[in-house]
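All residue numbers in this chain count up from 1 along the given sequence.
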Amino acid sequence: MDSLDAFLKSAAEMKMYDLSQYYFNGMPVHPEDPPFHMWIYRYHENTVKMFDKIVPGLGFADSMEIIVTSMHAGTHFDAFCHMSRNGMLKDGVRAADIERFDGYTKYGVDEAPIFARRGVLIDVPASKGLDILPERYAITPDDLEAALKWEGQEVMKGDVVLIRTGYSRFFQSDPDAYLHKFAGMSPEATRWIAAKGPGLVGIDNVAFGVPKPFEQHLILLVDNGIHLMKSLYLEELAKDRQYQSFVVVAPLKIKGATGSLIRPFALAPRR
């Protein structure tokens with residue numbers, strides 16, 4: 001058996017975990033972002049006449065959706081041009097020097113790689129004997145260290161780190177709780193995880209940080225050059241205690257965009 005056959009056999013035996021939330025009209029988005037909207041432009045019964053002479057009876061609605069959204073709605077990925085500290089982006093690049101009305105000339109999401117790497121789930125509530133963290137709880141470095149020790153895991157350079165708070169359950173059922181009551185990372189915990197050198201950090205809430213969200217973004221995106229993703233769904237991965245997996249994240253190649261909608265997934269051995 002050659003290496004490709006071995007890889008395909010191994011992949012076929014693994015369980016796939018969808019790490020994304022649904023996108024839908026009325027979904028919770030950050031209060032400063034535009035809402036997600038999707039309309040069907042034409043219905044099947046409207047298109048029958050369009051192709052009547054070519055394929056009588058044909059009706060379709062595919063490719064007829066119109067979607068208006070922020071690239072930071074739902075499960076999404078942050079590019080390095082997304083946030084600046086005192087007007088400066090990663091590596092001292094001045095944001096004003098690279099911005100145009102149609103996008104950024106540097107650090108857009110189109111420059112982000114496809115991530116296909118080892119993933120480490122840090123299940124903070126489970127390590128404390130909880131199903132979900134208390135409202136507005138700020139995760140500390142000690143929490144992360146204790147969770148990793150409890151799991152028997154460690155974060156290595158280049159890993160995809162997945163941080164579970166338990167709040168992804170409210171995405172569809174309780175938008176108010178999801179938007180306003182979530183637990184998240186403190187600045188100190190964010191610096192602690194950044195020092196481990198991960199390639200990508202993700203969390204299951206809407207804004208990553210608690211008590212204030214944006215310093216944590218700056219620590220990762222600007223100070224350390226680490227991409228960030230939010231609004232992940234980590235409940236199935238946690239339920240199966242899959243603390244180590246193979247994670248794939250593919251941002252859309254939208255030139256100059258500050259972020260991208262994504263559908264990440266993880267592969268792990270079936271239990």
Q) Do the non-hydrogen side-chain atoms of K106 and D97 ever get within less than 4.5 Å of each other? A) no
Q) For F24, does the CZ atom have more than 12 heavy-atom neighbours from other residues, nucleotides or ligands under 6.0 Å away? A) yes
**Q.** Distance-minimising heavy-atom pair for L179 and V29
**A.** CD2-O, 3.3 Å
Q | Residues, nucleotides or ligands: over 12 heavy atoms within 6.0 Å of I114 CD1 | A | no
Q. Listed by chain and number, what are the side chain to side chain donor-acceptor pair (under 3.5 Å) partners of N205, not counting sequence neighbours?
A. none
Q) So, R94 and E99, do they make that salt bridge, N to O below 4.0 Å? A) no
Q: Mind checking the CD-CZ spacing from E235 to R169? Nearest 0.5 Å is all I need.
A: 5.0 Å
Q) Which atoms form the tightest heavy-atom contact between I262 and S20, and what is the distance? A) O-CB, 4.1 Å
**Q.** Any F208 side-chain heavy atom under 4.5 Å of H217 side chain
**A.** yes
Q: Inspect the surroundings of CD in E32 and state if more than 12 heavy atoms from other residues, nucleotides or ligands are less than 6.0 Å away.
A: no
Q) Should L232 and L252 be regarded as members of a common hydrophobic cluster, given that ILVMFWY residues are connected when their side-chain heavy atoms come within less than 4.5 Å of each other, either directly or indirectly? A) yes
Q: Show the numbers, then the answer: is there a side chain to side chain contact (heavy atoms under 4.5 Å, CB included) between D176 and K181?
A: CA-CA 7 Å; D176 180 67; K181 299 177 182 179; 3.7 Å; yes
Got a list of side-chain donor-acceptor pairs under 3.5 Å for residues 183-193, not counting sequence neighbours?
{"from": "S186", "atom 1": "OG", "to": "I139", "atom 2": "O", "distance (Å)": "2.6"}
{"from": "S186", "atom 1": "OG", "to": "E188", "atom 2": "OE1", "distance (Å)": "3.4"}
{"from": "S186", "atom 1": "OG", "to": "A189", "atom 2": "N", "distance (Å)": "3.1"}
{"from": "T190", "atom 1": "OG1", "to": "S186", "atom 2": "O", "distance (Å)": "2.8"}

**Q.** Pair D123 + R241: basic N to acidic O under 4.0 Å
**A.** no
Q: Provide the closest heavy-atom pair for S84 versus A95 in the form atom of the first, atom of the second, distance.
A: CB-CB, 4.4 Å
(Q) Side chains of M156 and R118, heavy atoms from C-beta outward: is any pair under 4.5 Å? (A) yes
Q.
Quick check: do Q21 and M27 have side-chain heavy atoms less than 4.5 Å from each other?
A. no
Q: Give a yes or no on whether the backbone of L121 and the side-chain of R164 come within a donor-acceptor separation of less than 3.5 Å.
A: no
Q: Give a yes or no on whether a salt bridge exists between K9 and E13, defined as a side-chain N under 4.0 angstrom from a carboxylate O.
A: yes
Q) Can you find a heavy atom in the side chain of M83 that is under 4.5 Å from one in the side chain of L228? A) no
Q) Which ring pair (Phe, Tyr, Trp, His ring centres under 6.0 Å) pairs, counting each pair once, include a residue from residues 227-271, with sequence neighbours left out? A) F77-H227, F80-H227, W150-Y243
Q: Look at K255 together with D110 and state whether they make a salt bridge at an N to O cut-off of under 4.0 Å.
A: no
Q | Under 3.5 Å side-chain donor-acceptor pair for S231 and Y178 | A | yes
Q.
For V222 and K90: C-alpha separation, side-chain torsions, deciding distance, then whether side chain to side chain contact (heavy atoms under 4.5 Å, CB included) applies.
A. CA-CA 4 Å; V222 179; K90 173 179 172 286; 5.6 Å; no
Q. Is R271 atom CZ crowded by more than 12 heavy atoms from other residues, nucleotides or ligands, each under 6.0 Å away?
A. yes
Q.
What I'd like to find out is whether the side chain of N25 reaches to under 4.5 Å of the side chain of H37, using heavy atoms alone.
A. yes
(Q) What I'd like to find out is whether the side chain of M229 reaches to under 4.5 Å of the side chain of V160, using heavy atoms alone. (A) yes
Q) Step by step, would you call L148 with V120 a side chain to side chain contact (heavy atoms under 4.5 Å, CB included)? A) CA-CA 9 Å; L148 287 167; V120 176; 3.9 Å; yes
Q: Report yes if the side chains of K230 and V206 come closer than 4.5 Å at any heavy-atom pair, otherwise no.
A: no
Q: Decide yes or no on side chain to side chain contact (heavy atoms under 4.5 Å, CB included) for Y137 and L130, but give the supporting numbers first.
A: CA-CA 13 Å; Y137 182 83; L130 303 172; over 6 Å; no
Q: Check the hydrophobic clustering (I, L, V, M, F, W, Y; side-chain heavy atoms under 4.5 Å; chains of links allowed) and say if L19 and I132 are grouped together.
A: yes
Q. When rounded to the nearest 0.5 angstrom, what distance separates CG in L267 from CE in M16?
A. 5.0 Å
Q: Decide if atom CZ of R263 counts as having more than 12 heavy atoms of other residues, nucleotides or ligands within a radius under 6.0 Å.
A: no
**Q.** Least distance between heavy atoms, K128 atom then D143 atom
**A.** NZ-OD1, 2.8 Å
Q: Locate the shortest heavy-atom distance separating A138 from V210; write the atom from each residue and the value.
A: CB-O, 3.7 Å
Q | Point-to-point distance, once rounded to the nearest 0.5 Å, from OG of S245 to CZ of R117 | A | 14.0 Å
Q) If you measure from NE2 on H180 to CZ on F170, what distance do you get to the nearest 0.5 Å? A) 13.5 Å
Q: List the atom of P113, the atom of P251, and the distance in Å for their closest heavy-atom pair.
A: O-CD, 3.6 Å
Q | Any donor-acceptor N or O pair under 3.5 Å, side chains Y17, Q242 | A | yes
